[in-house]
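Inspection log for the structure reproduced underneath, given as structure tokens.
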Amino acid sequence: MESENVQKKVVMTAAQPTGKLHLGNYLGAIKNWGQMIEDYECYFGIVDMHAITIPYVPADLKRNVYDCAAQYMACGLDPQKCNLFLQSMVKGHAELAWILGCICPIGSLERMTQYKDKAKKHKDALNSGLLYYPVLMASDILIYNADLVPVGEDQKQHLELTRDLAQKFNNMYSPTFKLPEPYIPKSGARIMSLQSPDSKMSKSDPNQNGTLYITDEPSVLQKKIMSAVTDSDSSVRYDVQNKPGVSNLMSIMAAFTQKTYGQIEDEFSGKGYGDFKKAVAEVVIESLAPVRQSYKDYSSDKAMIEDAIKKGSQAATRRTTKMMAKVYRKVGFLNFEK
Ligand code: AQP
């Protein structure tokens, strides 16, 4: 597969195996990854080293890695057409992170919104890994010399830091890294919690009714959507400031149907929130039905998952080893194996 793809541009992106994937992960990221596998050489990571920056249980992490791989495949990431790798199996990620950390000002990391949010959530278990997270993410991307990085809007700031670090390294040593371009979808880039639509939909939301998991049963999806927080007005109108709950449901519908907000407003003009929520639930349930079905098939085949991760991690190692050798040479590390 690699040799056929030699001329193709490279896409790299990843998700953390911290639990089941939700609709934000799907619409903001994974759905778009699937559309890239024919045209790009793709490296899709399961970033387990990022997942240990918050409190976790090792047995759950192992289970979540299998589960994440099964969900990737259920979302259309065919391991014959793209490389599904496990971050801890590709040694270069941590090695490059150390080098990038040595050129990254601490102040840049302390300013990161995700760090500030997560530091508040995990006050009692705050570790340096959480602060260092964006450096490891920069390494994840730069080590592939990726052209394009499809992510949700919450990762934009980390992508900017990645570009800054690439530029700084290139200026300090010599041109080495491409400056990767973010790909942020027009709709679905920031899906909010159904229960508190001012915070993003998240796996670790303590109120699980706010998070729609892509493998939730139809009755669960229906229940969560019907009880989504809205407002006391009853018109279906896109207004993030004053109607965040309704606007969030509209963005979910728009991302699945490609309808504009104007079209959705027209369709539900004069109808109440009940009808609108029912329609959103129908779209979500119907669109996720094939994902849910394939997930059931893939998740029961442990050997196939292991094979896919092994093959993807080997391909990732081949690509990143060359880059690491170059980086080590540029920073002045010795190599007696030439
Ligand atoms: N709410 C969201 N809307 C749109 N895109 C989102 N992404 C995450 N949340 C949303 C995108 O999903 C990809 C994988 O994300 P991740 O696995 O790194 O997870 P995360 O951002 O840490 O997600 P969570 O759910 O918020 O996890 P916890 O609760 O563990 O912190 C990324 O491209 C991300 O932009």
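Order of listing sets the numbers, starting from 1, for every ligand and every atom in it. If you're wondering where the values come from, they're calculated on a predicted model, not measured in any experiment. Hydrogens, waters and symmetry mates play no part in the numbers below; they use all other heavy atoms, side chains included.
- A salt bridge links E38 with K81: the distance from a Lys NZ or Arg NE/NH1/NH2 to an Asp or Glu carboxylate oxygen falls below 4.0 Å.
- Of the polar atoms of I54, none of the N or O atoms is found under 3.5 Å from an N or O of ligand 1, judged by distance alone.
- Looking at T18 against ligand 1, only its side chain comes within 4.0 Å, counting heavy atoms.
- For the residues K118, K200, K203, the heavy atom positioned nearest atom 26 (O) of ligand 1 is part of K200.
- Polar contact check, G24 against ligand 1: a nitrogen or oxygen pair lies under 3.5 Å apart.
- Nearest protein neighbour of atom 13 (C) of ligand 1, counting heavy atoms only, is A29 CB, 3.7 Å.
- At under 3.5 Å, not a single nitrogen or oxygen of P150, backbone or side chain, sits near a nitrogen or oxygen of ligand 1.
- Through side-chain heavy atoms spaced under 4.5 Å, either directly or across other Ile, Leu, Val, Met, Phe, Trp or Tyr residues, I52 is tied to Y56, L61.
- Ring geometry for Y328 versus F333: interplanar angle over 60°, hence perpendicular rather than tilted (30 to 60°).
- Atom 28 (P) of ligand 1 has S204 OG, 3.6 Å as its closest protein atom, hydrogens excluded (heavy atom only).
- A side-chain donor from one of T176 and K330 sits under 3.5 Å from a side-chain acceptor of the other.
- Of the N and O atoms on the side chains of Y26 and Q71, not one donor lies less than 3.5 Å from an acceptor on the other residue.
- Of all atoms in ligand 1, numbered sequentially from 1 with element shown, those under 4.0 Å from a heavy atom of V151 are 33 (O).
- Of the possible donor and acceptor atoms, none in the side chain of H122 sits under 3.5 Å from a partner among the backbone N and O of A125.
- Close contacts between ligand 1 and R190 involve ligand atoms 3 (N), 4 (C) [criterion: under 4.0 Å to a heavy atom].
- Looking at ligand 1, you'll find an N or O of G152 within less than 3.5 Å of one of its N or O atoms.
- Annotation for ligand 1: atoms under 4.0 Å from non-hydrogen atoms of G28 are 4 (C), 5 (N).
- Of the N or O atoms in H22, one or more lie within a sub-3.5 Å distance of an N or O in ligand 1.
- With no hydrogens or angles considered, no side-chain donor-acceptor pair links Y40 and D147 at under 3.5 Å.
- Which parts of ligand 1 touch G188 is read off a 4.0 Å heavy-atom cut-off, strictly below it: atoms 4 (C).
- With sequence neighbours excluded, no residue forms a salt bridge (charged side-chain N to carboxylate O under 4.0 Å, His left out) with K271.
- The I191 neighbourhood of ligand 1 comprises atoms 1 (N), 2 (C), 3 (N), 4 (C), with distances under 4.0 Å to a heavy atom of that residue.
- Below 30°, between 30° and 60°, or above 60°: for F268 and F276 the angle between ring planes is above 60°, a perpendicular geometry.
- Here the heavy atom of the protein found nearest to atom 35 (O) of ligand 1 is D154 OD1, 2.5 Å.
- Within a 6.0 Å sphere centred on CD of Q35, other residues, nucleotides and ligands contribute more than 12 heavy atoms.
- Atoms of ligand 1 lying under 4.0 Å from any heavy atom of A15, numbered from 1 in the order shown and given with element: 14 (C), 17 (O).
- Of the candidates L21, I30, N25, L23, N25 brings a heavy atom nearest to atom 7 (N) of ligand 1.
- Taking any N or O of W33, backbone or side chain, none lies under 3.5 Å from an N or O belonging to ligand 1.
- From the protein, the heavy atom lying nearest to atom 22 (O) of ligand 1 is Q16 NE2, 2.9 Å.
- No single ILVMFWY cluster, assembled from side-chain heavy atoms under 4.5 Å apart, contains both V47 and V90.
- Residue Q155 approaches ligand 1 through these ligand atoms, each under 4.0 Å from one of its heavy atoms: 21 (O), 34 (C), 35 (O).
- Distance from atom 4 (C) of ligand 1 to its nearest protein heavy atom, with residue and atom name: A189 O, 3.1 Å.
- Put simply, the side chain of M112 reaches to within 4.5 Å of the side chain of H158, judged on heavy atoms.
- The one candidate from N127, L126, L130 that meets the side-chain contact (heavy atoms from CB on, under 4.5 Å) condition with I54 is L130.
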